[in-house]
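Structure record follows, encoded as structure tokens.
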Amino acid sequence: GKLKSIQQINTLNINSKNYLCKTNSNNLVIKIISNKDESYFNRIDYISKSFKNKKSSSPKILFNNNSQSFTKIGNKAIQISEYINGRYFSGGQEDIKKAASAIYNFHKNSKTLSFSNLSNLPLFPENGLEILDTIIKDLNKYKESLGIENSNLIYENKKFLICNIKNFLKGNNLTHKAYPLHVDLHPHNVLITNDEGFVVDLDSVHLINPLTAIGFCFFKLIRQDIAN
């Protein structure tokens, strides 16, 4: 369709910039990528094609005439995806419900990806549960910034949180294995619409230990829920 307007979307702009492109027929997101090597583009192209015809709760990527999910221009590349008319995850029961469903659908598809086409992130930290336990034990130091009510809530439920994460990993034999998972599920990578949630940023799919992926997601999304 005919171009109506283009504006930069508020992001951190680390290695990429995102623009909302409005046309007469639809709205698209244009992502300009820089400072990436060939292995990055091979990985993101493979993931995009694998998700192409699946309900993955992620924005659909548009492919160029060469059936690639990106177009190189000099030392940069452009990727175009559908625009999701939603907002960032902000916490609350409905947001959590939609986010959980989107994350489940996303990883139901990501687990079918071939390991050979993905990069492997280090299984760090090996003593993640010990670090989490130490932080929670030291919550008194952070009561002023977290708020006494929130600090007490986390502290009183610390055993429940740690034990359930540990039991889930052990019960599913996931403690020391790596799987294709999204490693950057912070509030700006989970979009919420009136009907559902969406997971964005396909290039954050790596082979990673579930403890690290779950821990990061839990910390970022629950922190946002507490803040609101």
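All values below come from the heavy atoms of this structure, side chains included, with hydrogens, waters and symmetry mates left out.
- The closest side-chain donor-acceptor pair between Asp195 and Thr193, if any, does not fall under 3.5 angstrom.
- The side chain to side chain donor-acceptor pair (under 3.5 Å) contacts involving residues 101-111 comprise Ser57-Asn105, where partners must be two or more places apart or lie in separate chains.
- Counting heavy atoms from C-beta outward, Asn85 and Asn27 have side chains that stay 4.5 Å or more apart.
- Counting heavy-atom neighbours within 6.0 Å of Lys97 NZ, excluding the residue itself, gives a total of 12 or less.
- Here the straight-line distance linking atom CD of Gln7 with atom OG of Ser5 works out to 6.0 Å at 0.5 Å rounding.
- The nearest pair of heavy atoms linking Lys98 to Asn194 is NZ-O, 3.0 Å.
- Summarising the geometry, atom CG belonging to Leu191 is positioned 10.5 Å from atom OG belonging to Ser58; distances are rounded to the nearest 0.5 Å.
- Under the salt bridge (Lys or Arg N to Asp or Glu O under 4.0 Å) criterion, Glu38 pairs with Lys72, not counting sequence neighbours.
- A 6.0 Å sphere centred on NZ of Lys60 holds more than 12 heavy atoms belonging to other residues, nucleotides or ligands.
- One finds the NZ atom of Lys52 at 6.0 Å from the OG atom of Ser67 (value rounded to the nearest 0.5 Å).
- Contact annotation: the side chain of Val205 approaches that of Leu113 to within less than 4.5 Å [non-hydrogen atoms, C-beta and beyond].
- The CD1 atom of Ile96 sits 10.0 Å away from atom OG of Ser90, with the distance rounded to the nearest 0.5 Å.
- Geometric assessment of Lys49 against the ring of Phe63 yields a negative cation-pi assignment under the 6.0 Å and 45° thresholds.
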Query - Derivation and outcome, side chain to side chain contact (heavy atoms under 4.5 Å, CB included), residues Ile103 and Leu185 - result: CA-CA 9 Å; Ile103 292 169; Leu185 284 172; 4.0 Å; yes
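- Ile44 is listed as a side-chain neighbour of Gln79, based on a closest heavy-atom distance under 4.5 Å.
- Considering NE2 of His182 and CD1 of Ile47, their distance stands at 9.5 Å, rounded to 0.5 Å.
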Requested in this report: Under the side chain to side chain contact (heavy atoms under 4.5 Å, CB included) rule, what do Phe70 and Asp45 come out as? Steps first, then yes or no, please.
Outcome: CA-CA 7 Å; Phe70 60 87; Asp45 196 48; 3.8 Å; yes
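- Side-chain contact between Ile78 and Ile73 is present, with at least one heavy-atom pair separated by less than 4.5 Å.
- Using a 4.5 Å heavy-atom threshold, the side chains of Asn18 and Ile30 count as separate.
- Exactly one of Phe41, Tyr46, Tyr40 qualifies for a side-chain contact (heavy atoms from CB on, under 4.5 Å) with Arg43. That residue is Tyr40.
- To the nearest 0.5 Å, atom SG of residue Cys21 and atom CG of residue Leu28 are 6.0 Å apart.
- Phe106 and Phe198 have their aromatic ring centers separated by at least 6.0 angstrom.
- Closest approach of Tyr88 to Pro187, counting heavy atoms only: CB-O, 3.6 Å.
- For the residue pair Thr23 and Asn26, a side-chain donor N or O sits within less than 3.5 Å of a side-chain acceptor on the partner.
- The backbone N or O of Asn66 sits less than 3.5 Å from a side-chain atom of Asn64, completing a donor-acceptor pair.
- The two atoms that bring Leu207 and Ala178 nearest to each other are C-CB, 4.2 Å, heavy atoms only.
- Nearest heavy atom pair, residue Asp37 against residue Ser39, reads OD1-OG, 2.7 Å.
- Between Ile208 and Tyr179, every side-chain heavy-atom pair lies at or beyond the 4.5 Å cut-off.
- Between Val199 and Asn189, the closest side-chain pair of non-hydrogen atoms is not below 4.5 Å.
- Within the 4.5 Å cutoff, the side chain of Tyr83 has no heavy atoms near those of the Pro59 side chain.
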